[in-house]
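Below is one structure, written out as structure tokens; comments come after it.
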Amino acid sequence: MPATLRTTLCEIRDDLHVLRRMVAARGHIETIQGIDALIGVAEAEAIKVIRRIDRAG
């Protein structure tokens, strides 16, 4: 099954959450804050793009 843009965006988001959990387990608070910011941006952008995909489909 070929990856779609929607699938790719969701996978990236999920990978960022995994990364955050790994870093949190090591106690790197400053790094977690940076990852949280990236997750926020990634999720906001993914939501916008997924909505566009859904409207076009």
Just verifying a value: how many Å separate E11 CD and D14 CG, rounded to the nearest 0.5 Å?
7.5 Å
Can you find a pair of side-chain heavy atoms, one from R13 and one from E45, that are under 4.5 Å apart?
no
Could you go step by step and tell me if E43 and H17 meet the side-chain contact (heavy atoms from CB on, under 4.5 Å) rule?
CA-CA 11 Å; E43 287 182 337; H17 282 284; 2.9 Å; yes
Please tell me whether Q33 and H28 have a donor and an acceptor in their side chains that are separated by less than 3.5 angstrom.
no
What distance separates L38 CG from R20 CZ, expressed to the nearest 0.5 Å?
12.0 Å
Output the distance between atom CD1 (I39) and atom CG (L19), rounded to the nearest 0.5 Å.
7.5 Å
Rounded to the nearest 0.5 angstrom, the CD1-CE distance for I35 and M22 is 8.5 Å
Transitive ILVMFWY side-chain link V41 to V18, under 4.5 Å
no
